[in-house]
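One structure is given here, and the rest of the page talks about it.
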Amino acid sequence: MADNTEAKWYVVHTYSGYENKVANDLATMVESRGMQDLIQDIKIPTETVTEVKEDTKREVERKVFPGYVLIKMIVTNDSWYVVRNIRGCTGFVGPASKPVPLTDAEVAALGVEKHSVEVGYAIGDNVKIISGPLEGYGGVVRALDIANNNVCVGLSMFGKETPVELELDQISLAD
């Protein structure tokens, strides 16, 4: 294995239903061997879905990719061996189980790493949309959710205010 100095995200295939066990066992192994500098983060992408059964709604957390665990690590012989030999892990995703890192675009699309965005606006400020399908429209900030990278902007459309959910970096203060 080639030694890289920068940690990248890799995908590991697991037996179906073993994602949590693999993640927990790997975290325990990393802790006991003191490998936090090589294996830096372990994630199981999930989403919250509303299920309706017999007229009752309930929020359920589901795995986005059943059978897969994402690991941010520096690949060395030791780190590769530890991950590969966790019970329930069937190998890295890639040709011949050779670890292939996710691209920056794939990491961003999966929402694995949260990038902090500093905003120069607050609730009640007039803003303009600078990207996306509503680019060029102006509105008023109604709600901010920095933790989830969301902002709710009230746009005036057809003489009525319409709330629109956008990402924090899609708007800026109006001139």
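Because only heavy atoms are used, hydrogens play no part in the values below, and waters and symmetry mates are left out as well, while side chains stay in.
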Any Phe92 side-chain heavy atom under 4.5 Å of Val83 side chain:
yes
Taking all non-hydrogen atoms of both residues, which atom of Leu155 and which atom of Gly138 are closest, and how far apart?
CD2-O, 3.3 Å
Rounded to the nearest 0.5 Å, what separation is found between the CD atom of Gln40 and the CD1 atom of Ile71?
12.0 Å
Any link between Trp80 and Val69 through a network of hydrophobic side chains (Ile, Leu, Val, Met, Phe, Trp, Tyr) touching at under 4.5 Å?
yes
Any heavy-atom pair between the side chains of Val64 and Ile44 that's under 4.5 Å?
no
Taking Ile130 as the starting point, is it possible to reach Val140 by hopping between hydrophobic residues whose side chains are less than 4.5 Å apart?
no
Name the orientation class of the two ring planes belonging to His13 and Tyr68 (parallel below 30°, tilted from 30 to 60°, perpendicular beyond 60°).
perpendicular
Any side-chain heavy atom of Asp41 sitting closer than 4.5 Å to one from Trp9?
yes
CD1 of Ile74 to CE of Met35: how many Å apart, nearest 0.5 Å?
10.5 Å
Checking Leu144 against Tyr121 for the side-chain contact (heavy atoms from CB on, under 4.5 Å) test, could you report, in this order, the C-alpha distance in whole Å, the side-chain angles of both residues, the deciding distance, and whether it holds?
CA-CA 9 Å; Leu144 272 171; Tyr121 48 84; 3.6 Å; yes
How long is the gap from CD on Glu135 to OH on Tyr137, to the nearest 0.5 Å?
12.0 Å
Which pair of non-hydrogen atoms, one from Gly132 and one from Gln170, has the smallest distance, and what is that distance?
CA-NE2, 3.9 Å
Nearest 0.5 Å, please: how far is OG in Ser79 from CD1 in Ile39?
5.5 Å
Between Val12 and Leu38, is there a shared hydrophobic cluster once you connect ILVMFWY residues whose side-chain heavy atoms come closer than 4.5 Å?
yes
Taking the side chain as every heavy atom from C-beta outward, state whether Val153 and Val127 have any atom pair closer than 4.5 Å.
yes
Where is the tightest heavy-atom contact between Val100 and Pro95, given as atom of each residue plus distance?
CG2-CD, 3.6 Å
Dump the intermediate steps for side-chain contact (heavy atoms from CB on, under 4.5 Å) on Lys8 and Lys72, then the final yes or no.
CA-CA 5 Å; Lys8 301 222 182 270; Lys72 185 173 186 176; over 6 Å; no
Side-chain contact, heavy-atom cut-off 4.5 Å: Val82 with Arg84?
no
Give a yes or no on this: more than 12 heavy atoms of other residues, nucleotides or ligands lie within 6.0 Å of atom CG of Asp145.
yes
According to side-chain contact (heavy atoms from CB on, under 4.5 Å), who are the partners of Arg87, at least two apart in sequence or on a separate chain?
none
Just wondering, do Val151 and Val141 contact through their side chains at under 4.5 Å, heavy atoms?
yes
Is there a side-chain contact between Lys128 and Ile171, using heavy atoms and a 4.5 Å cut-off?
no
Please report, to 0.1 Å, the donor-acceptor pairs under 3.5 Å made by any side chain of residues 157-168, with sequence neighbours excluded.
unit_1: Glu161; atom_1: OE1; unit_2: Arg142; atom_2: NH2; d: 2.8
unit_1: Glu161; atom_1: OE2; unit_2: Arg142; atom_2: NE; d: 3.0

Taking only Lys NZ, Arg NE, NH1 and NH2, and the carboxylate oxygens of Asp or Glu, determine whether Arg62 and Glu51 approach each other closer than 4.0 Å.
yes
Walk me through whether Val11 and Leu102 qualify under side-chain contact (heavy atoms from CB on, under 4.5 Å).
CA-CA 8 Å; Val11 180; Leu102 295 174; 3.7 Å; yes
Thr56 side chain reached by Arg58 side chain, heavy atoms, under 4.5 Å:
no
With rounding to the nearest 0.5 Å, note down the distance linking NZ in Lys63 to CD in Glu61.
8.5 Å
At their closest point, which heavy atom of Tyr10 faces which heavy atom of Pro101, and how far apart are they?
CE2-N, 3.3 Å
Show the atom names and distances, to 0.1 Å, of all donor-acceptor pairs under 3.5 Å that link a side chain in residues 16-27 to residues at least two apart or in another chain.
unit_1: Glu19; atom_1: OE1; unit_2: Gly17; atom_2: N; d: 3.4
unit_1: Glu19; atom_1: OE2; unit_2: Gly67; atom_2: N; d: 2.4
unit_1: Lys21; atom_1: NZ; unit_2: Asp25; atom_2: OD2; d: 3.1
unit_1: Asn24; atom_1: ND2; unit_2: Asn20; atom_2: O; d: 3.2

